[in-house]
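Just so it is clear, the model here is predicted, and its values are computed rather than measured.
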There are 2 protein chains.
Amino acid sequence: MGARAEYVTRPREWITSILAREPRFLSAAQIHERAKRLGMRVSLSTVYRTLDHLLAKGGVTTRAQSDGEATYLLCAPAQHHHHAICRRCGRVDDVDCSVTDQFAQSLRARHGFNIDEHAMEFFGTCGDCR
Amino acid sequence: MGARAEYVTRPREWITSILAREPRFLSAAQIHERAKRLGMRVSLSTVYRTLDHLLAKGGVTTRAQSDGEATYLLCAPAQHHHHAICRRCGRVDDVDCSVTDQFAQSLRARHGFNIDEHAMEFFGTCGDCR
DNA sequence: ATATTTGCAAATAATTTGCACGTAA
DNA sequence: TTACGTGCAAATTATTTGCAAATAT
């Protein structure tokens, strides 16, 4: 009963390899362009479907850009962590989940990352809803 | 030279009043629907343009939903702060920016918010880009 | 009077879907 | 062989834009 079979196909390998080669959030369109540039013939819809597939499998993280475009990063969450994103080149560094006042400093020391902005959101249930 | 004149119009007052009445991130479409329901005749494009206007003025914060749809909250950042978002009703509470390990507990005590998930992102310049 | 804002309809842009064909198992 | 994946073109959905008419100043 049930577990769905899963095929290893060329498009899937291509897309995964493109994600694997760069520590950056990439949009579906960017992935598609790089694939073309590398001589890999994949359709944009396959890129979308493969990304959905990877999301479901848990091998990828998404992030909505401020303009609403979705971007994807190869990221199997070994441990719960967050991301430091370079606003110039987009490079992503993993940051473990322990937040303090000296966070920026330690980040700078440990990762060479100079943090000048951060955002966070908390989700749960408010007093009225309990 | 130059400060642009700014008109106070009914659509703008309407949209602001709708945002003001609820501590929740609302999409342009939701705002538009509520306006109609309240007998306010505004076009959806005006909703979008007014939201852009409020964003530029700094009276509103945006947040992209996971599906990419943009949502808006009346939020003039008196001090730098973050948001606690109820995942059941969407209610937003302000949270001042000091993050510790006992964060969830203090949030629960101070705001009645039961946090079971959070996300954060850091932006800056990575080692390679300096 | 005139600069600014609005409504409407059409244009964009990202993403999704239906379906016939291709392919891994 | 057959369930699963892909390509293509068309459909959806959120958002933006051009322009003539309305409105705040």
Side-chain angles (χ1 to χ4, degrees), chain A residues 1-19 24-73 90, chain B residues 1-19 24-73 90:
Chain A
M1 301 271 44
R4 209 183 147 68
E6 180 164 318
Y7 291 9
V8 176
T9 67
R10 250 185 220 161
R12 286 185 174 178
E13 292 181 315
W14 286 339
I15 291 167
T16 303
S17 79
I18 288 174
L19 285 170
R24 284 172 183 74
F25 279 94
L26 299 176
S27 68
Q30 287 178 313
I31 294 168
H32 187 226
E33 275 174 23
R34 297 186 190 209
K36 277 198 295 190
R37 206 170 295 144
L38 294 168
M40 303 165 171
R41 294 186 73 270
V42 206
S43 73
L44 183 53
S45 7
T46 294
V47 174
Y48 277 110
R49 283 185 281 219
T50 300
L51 290 170
D52 287 347
H53 177 249
L54 291 174
L55 276 175
K57 266 183 59 179
V60 146
T61 316
T62 334
R63 190 181 118 66
Q65 282 174 167
S66 50
D67 69 345
E69 190 176 22
T71 56
Y72 304 83
L73 177 77
Chain B
M1 299 272 42
R4 209 183 146 68
E6 182 164 315
Y7 292 5
V8 176
T9 67
R10 248 184 222 161
R12 286 184 174 179
E13 292 182 315
W14 285 338
I15 291 166
T16 303
S17 79
I18 287 174
L19 285 170
R24 284 173 183 75
F25 280 93
L26 300 176
S27 68
Q30 287 177 314
I31 294 168
H32 187 226
E33 275 175 22
R34 295 184 192 210
K36 278 198 295 191
R37 206 170 295 145
L38 294 167
M40 304 165 172
R41 295 184 74 271
V42 206
S43 74
L44 182 55
S45 6
T46 295
V47 174
Y48 277 109
R49 284 186 281 219
T50 300
L51 290 170
D52 287 346
H53 177 248
L54 291 173
L55 275 175
K57 268 183 58 179
V60 145
T61 315
T62 334
R63 192 181 116 67
Q65 283 174 165
S66 50
D67 68 346
E69 189 176 24
T71 56
Y72 305 83
L73 177 77

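Below the 3.5 angstrom threshold, one finds a donor paired with an acceptor across the side chain of B:R49 and the base of C:dG7.
Residue B:S45 is classed as a base contact, given a heavy-atom separation below 4.0 Å to a base. Contact annotation for B:R12: backbone-only contact, meaning every heavy-atom pair under 4.0 Å involves sugar-phosphate atoms and none involves a base. Looking at heavy-atom distances under 4.0 Å, B:A70 makes contact with sugar-phosphate atoms alone, never a base.
Considering only the side chain of B:A5, C:dT4 comes nearest among C:dT4, D:dC4, C:dC8.
Along DNA chain D, the nucleotide nearest to B:D52 and the one nearest to B:E6 differ in position, and the one closer to the 5' end is contacted by B:D52. If you find the closest nucleotide of DNA chain C to A:E69 and to B:P11, the one lying nearer the 5' end belongs to B:P11. Between A:T9 and A:S27, the residue anchored closer to the 5' end of DNA chain C is A:S27, taking for each the nucleotide with the nearest heavy atom.
Between the CG atom of B:L19 and the CZ atom of B:R24 there is a distance of 13.0 Å, given to the nearest 0.5 Å. Here the CZ atom belonging to A:R37 is positioned 9.5 Å from the CD atom belonging to A:Q30, to the nearest 0.5 angstrom.
Rounded to whole angstrom, the span from the CE atom of A:M40 across to the C1' atom of D:dT6 amounts to 16 Å. Across the protein-nucleic acid pair, A:Y7 atom OH and D:dT6 atom P stand 12 Å apart, rounded to whole Å. Rounded to whole angstrom, the span from the CH2 atom of B:W14 across to the C1' atom of D:dT23 amounts to 12 Å. Taking atom CZ of residue A:R10 and atom P of nucleotide D:dG7, one finds them 12 Å apart after rounding to whole Å. Between the CG atom of A:L44 and the C1' atom of D:dG5 there is a distance of 16 Å, rounded to whole Å. Rounded to a whole Å, the CD atom of B:Q65 is 16 Å from the C1' atom of C:dA14. The nearest whole Å value for the distance from the CG atom in B:D67 to the P atom in D:dT15 is 9 Å. Rounded to whole Å, the distance from CG on B:L51 to C1' on D:dT17 is 17 Å.
You'll find the side chain of B:S17 reaches within 4.5 Å of the side chain of B:M40, heavy atoms only. In this structure, B:W14 and B:T50 have side chains that are not in contact, with every pair of non-hydrogen atoms separated by 4.5 Å or more.
Contact annotation: A:Y48 reaches the phosphate of C:dT15 (side-chain N/O to OP1 or OP2, under 4.0 Å). For B:R41, no side-chain nitrogen or oxygen approaches OP1 or OP2 of D:dA22 to under 4.0 Å. The phosphate of D:dG7 has OP1 or OP2 within less than 4.0 Å of a side-chain N or O from A:T46.
Here the options are B:I31, B:I15, B:T71, the test is side chain to side chain contact (heavy atoms under 4.5 Å, CB included), and the partner is B:L26; only B:I31 passes.
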